A.B. asks: 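Sending over a structure as structure tokens; questions will come in a sec.
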Amino acid sequence: MAAGVAVDTRHWIGGRRVASARTFPDHSPIDSSLLAEVARGGAEEAAAAVTAALAAFPAWAATSREDRARVLHAIADGVEKRIEELAAVETADNGALLRSHLRGVMPRVAQNFRFFADWLLTIDRDDFETRGHSNHISWDPAGVCALITPWNAPLMLATWKIAPALAAGNTVVLKPAEWSPLTASLLADIAAAAGLPAGVLNVVQGYGEEVGAALVSDPRVARIGFTGSVPTARHIAGAAAANLVPVSLELGGKSPLLVFADCDLDLAVELAVEQYDNAGQVCLAGTRLLVESSVAEEFTRRFVARASALRQGDPREEATDIGPNIHPEHLARVDGFVRRALAAGARAVIGGGPHSELGGLYYRPTLLTDVAPDAEIVTEEVFGPVLTLQTFDTEEEAVALANSTRFGLAATVVTSDVARADRVTGQLVAGTVWVNCFFVRDLRAPFGGARQSGVGREGGDWSFDFYCDIKNTVTAPK
Ligand code: ADP
């Protein structure tokens with residue numbers, strides 16, 4: 001059991017708790033307290049989990065869709081029953097706001113299971129004929145799915161992959177991030193209590209370069225689903241290439257938020273301030289504010305007033321808007337980006353460093369101007385509460401700036417001109433574009449990134465296409 005929380009931090013393999021000889025410490029970003037010593041797996045545990053998942057595969061794959069859907073709904077029920085506990089543990093573990101976990105994230109975790117359980121029953125296509133022969137398409141389970149997930153929204157992002165993988169009839173080995181390993185372990189208990197057979201969902205804990213690398217290299221794995229950073233994605237894609245295994249990569253971003261002079265400026269400011277959510281640790285965050293010159297001064301004035309009213313502090317408190325960043329190493333990385341930008345001539349309109357009174361892992365919401373288009377702070381993902389502001393004079397310039405990084409995850413356009421919205425969205429390179437809104441997400445929609453923001457799409461049909469072997473059966477006329 002963990003020291004600070006009631007979570008079993010051993011691996012979950014084949015329906016049993018399994019310890020490792022070594023452990024690693026898991027600290028809370030809120031106050032750096034030790035939450036748990038967690039099992040530190042390696043090649044042996046990865047192999048054992050794949051063996052268990054492989055053994056469980058035939059029976060789960062042969063389970064009817066309706067029965068699989070029933071179990072997934074039962075898991076969702078289990079999540080809903082334990083929302084307060086899940087939210088409290090996740091907040092302690094990754095420092096994101098308790099109120100967001102309670103009202104947004106954990107309900108969405110349950111929804112992930114419900115959605116893919118229901119969607120499973122809709123994926124049939126009508127048969128069609130070729131010279132009297134019928135073509136019948138089926139979505140067959142692929143086998144063992146290795147899922148590697150990050151720390152910024154641990155259970156939400158893990159279940160976004162686990163739910164369709166299980167719904168499709170696969171078995172899963174999940175490797176959660178070592179900075180926030182706890183709720184994945186609770187999910188294993190919830191799934192078992194909901195009737196998911198032993199070995200269908202396995203959780204191995206440990207460092208990415210150890211247990212994670214061993215897991216994705218295992219030739220018995222049929223699919224690799226990954227959400228995380230570009231450098232890690234290169235390792236994972238390399239392992240997938242060696243075994244010729246389909247891989248889905250959801251990576252980072254440096255998304256633009258375009259503010260045109262014709263827009264509702266208060267809306268633009270609201271949307272811009274939202275980019276500080278989760279202390280900026282959101283892959284979709286629109287961290288590059290691109291503002292039409294004629295309204296830049298007024299936009300900045302209103303933005304500063306609004307951002308200055310944000311309350312920073314303990315993420316367990318209802319009134320808090322911005323909590324801590326995840327880890328000292330990560331905070332140092334965020335601060336390094338800001339320091340180098342300031343040294344290169346950027347100006348901090350607000351923020352510009354760690355929070356001096358709160359200390360710990362709290363970083364002040366920061367807005368930097370006077371940044372060169374090719375500056376590191378404009379082109380690299382910071383993953384902290386740090387925004388840059390650049391101005392433009394024409395629509396063409398706005399689009400060119402928006403598309404000027406190696407990423408292409410998302411973009412937000414704020415304008416009151418419908419024709420302009422159409423023109424601009426058509427030219428943006430991004431997996432998701434929001435017009436006059438942000439973060440509205442439907443599980444039926446494709447989600448993923450262009451360029452180095454990812455490979456593949458998930459959501460609705462796209463998830464099942466990835467997690468299944470799609471078969472066409474052609475039958476001759478009788
Ligand atoms: P982040 O910047 O979000 O921490 P990472 O890409 O470092 O992103 O981590 C995302 C996930 O990838 C984590 O679960 C981490 O343990 C895992 N990971 C890191 N390195 C490897 C690797 N070489 N092989 C497999 N998984 C890895």
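Since the structure is predicted, the reported quantities are computational estimates derived from the model, not experimental observations. Position 1 is the first residue of the sequence; numbering continues from there. We use all heavy atoms of the structure for the numbers below, so side chains are in, but hydrogens, waters and symmetry mates are not. Start at 1 and go down the list; that is how both ligands and their atoms are numbered.
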A.B. asks: Which residue and non-hydrogen atom of the protein lie closest to atom 7 (O) of ligand 1, and at what distance in Å?
C.D. replies: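 That would be Thr232 OG1, 3.5 Å.
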
A.B. asks: Have a look at Pro231, Ala239, Ala213 and point out the one with the heavy atom closest to atom 24 (N) of ligand 1.
C.D. replies: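 Result: the heavy atom closest to atom 24 (N) of ligand 1 is in Ala213.
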
A.B. asks: Quick test of your reading of the model: are Glu37 and Arg22 salt-bridged, counting only N-O distances below 4.0 Å?
C.D. replies: no

A.B. asks: Taking the side chain as every heavy atom from C-beta outward, state whether Leu72 and Leu166 have any atom pair closer than 4.5 Å.
C.D. replies: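 Yes, at least one pair of side-chain atoms sits under 4.5 Å.
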
A.B. asks: Got the closest protein heavy atom to atom 25 (C) of ligand 1, with its distance?
C.D. replies: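 Closest protein heavy atom to atom 25 (C) of ligand 1: Gly212 C, 3.3 Å.
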
A.B. asks: Less than 4.0 Å between a side-chain N and a carboxylate O, is that true for Asp469 and Arg223?
C.D. replies: yes

A.B. asks: Which class fits the ring pair Phe303 and Tyr276: parallel under 30°, tilted 30 to 60°, perpendicular over 60°?
C.D. replies: tilted

A.B. asks: Got the closest protein heavy atom to atom 17 (C) of ligand 1, with its distance?
C.D. replies: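 Protein heavy atom at minimum distance: Ile148 CG2, 3.5 Å.
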
A.B. asks: Which option wins on minimum heavy-atom distance to atom 15 (C) of ligand 1: His235, Glu178, Gln281?
C.D. replies: Glu178

A.B. asks: Quick check on atom 9 (O) of ligand 1 - does any protein heavy atom sit closer than 4.0 Å to it?
C.D. replies: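 It does not: no protein heavy atom is found less than 4.0 Å away from atom 9 (O) of ligand 1.
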
A.B. asks: In ligand 1, which numbered atoms sit nearer than 4.0 Å to a non-hydrogen atom of Ile236?
C.D. replies: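 Near Ile236, meaning under 4.0 Å from one of its heavy atoms, ligand 1 has 25 (C), 26 (N).
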
A.B. asks: Would you mind checking which non-hydrogen protein atom is closest to atom 2 (O) of ligand 1, with the distance to 0.1 Å?
C.D. replies: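 Ranking protein heavy atoms by distance from atom 2 (O) of ligand 1, first comes Ser229 CB, 3.8 Å.
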
A.B. asks: Look at atom 18 (N) of ligand 1 and say which protein heavy atom is nearest, naming residue and atom and giving the distance to 0.1 Å.
C.D. replies: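 The closest heavy atom on the protein side is Gly208 CA, 3.4 Å.
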
A.B. asks: Examine Trp179 together with His27 and report whether their ring centres are nearer than 6.0 Å.
C.D. replies: no

A.B. asks: Could you work out, for atom 1 (P) of ligand 1, the closest of Tyr207, Trp179, Trp151, Phe383 by heavy-atom distance?
C.D. replies: Trp151

A.B. asks: Step through it carefully: locate the ring centre of Trp160, locate the ring centre of Phe115, and say whether they are under 6.0 Å apart.
C.D. replies: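 So the answer is no for these two rings.
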
A.B. asks: Number the atoms of ligand 1 from 1 as they appear, then name those within less than 4.0 Å of a heavy atom of Pro176, with their elements.
C.D. replies: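 This gives 14 (O) as the contact atoms.
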
A.B. asks: Would you indicate whether Glu380, at its atom CD, is surrounded by more than 12 heavy atoms from other residues, nucleotides or ligands within a distance under 6.0 Å?
C.D. replies: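 Check passes, neighbour count above 12.
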
A.B. asks: Could a heavy atom of Gly206 be found less than 4.0 Å from some atom of ligand 1?
C.D. replies: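 Checking ligand 1 against Gly206, which is what was asked, there is no heavy-atom contact under 4.0 Å.
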
A.B. asks: Taking C-beta and beyond as the side chain, do Asn112 and Leu443 meet within less than 4.5 Å on heavy atoms?
C.D. replies: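 The answer is yes, as the side chains (C-beta and beyond) meet within the 4.5 Å cut-off.
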
A.B. asks: Looking only at protein heavy atoms, which one is nearest to atom 13 (C) of ligand 1, and what is the separation?
C.D. replies: Thr149 O, 3.5 Å

A.B. asks: Do any heavy atoms of Phe226 fall under 4.0 Å from ligand 1?
C.D. replies: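 Yes, that is the case, since the closest heavy atom of the residue is under 4.0 Å from the ligand.
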
A.B. asks: Assess, by modelled atom type and distance only, whether the side chains of Thr183 and Glu90 contain a donor and an acceptor separated by less than 3.5 Å.
C.D. replies: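 Indeed, the side chains of Thr183 and Glu90 share at least one donor-acceptor pair under 3.5 Å.
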
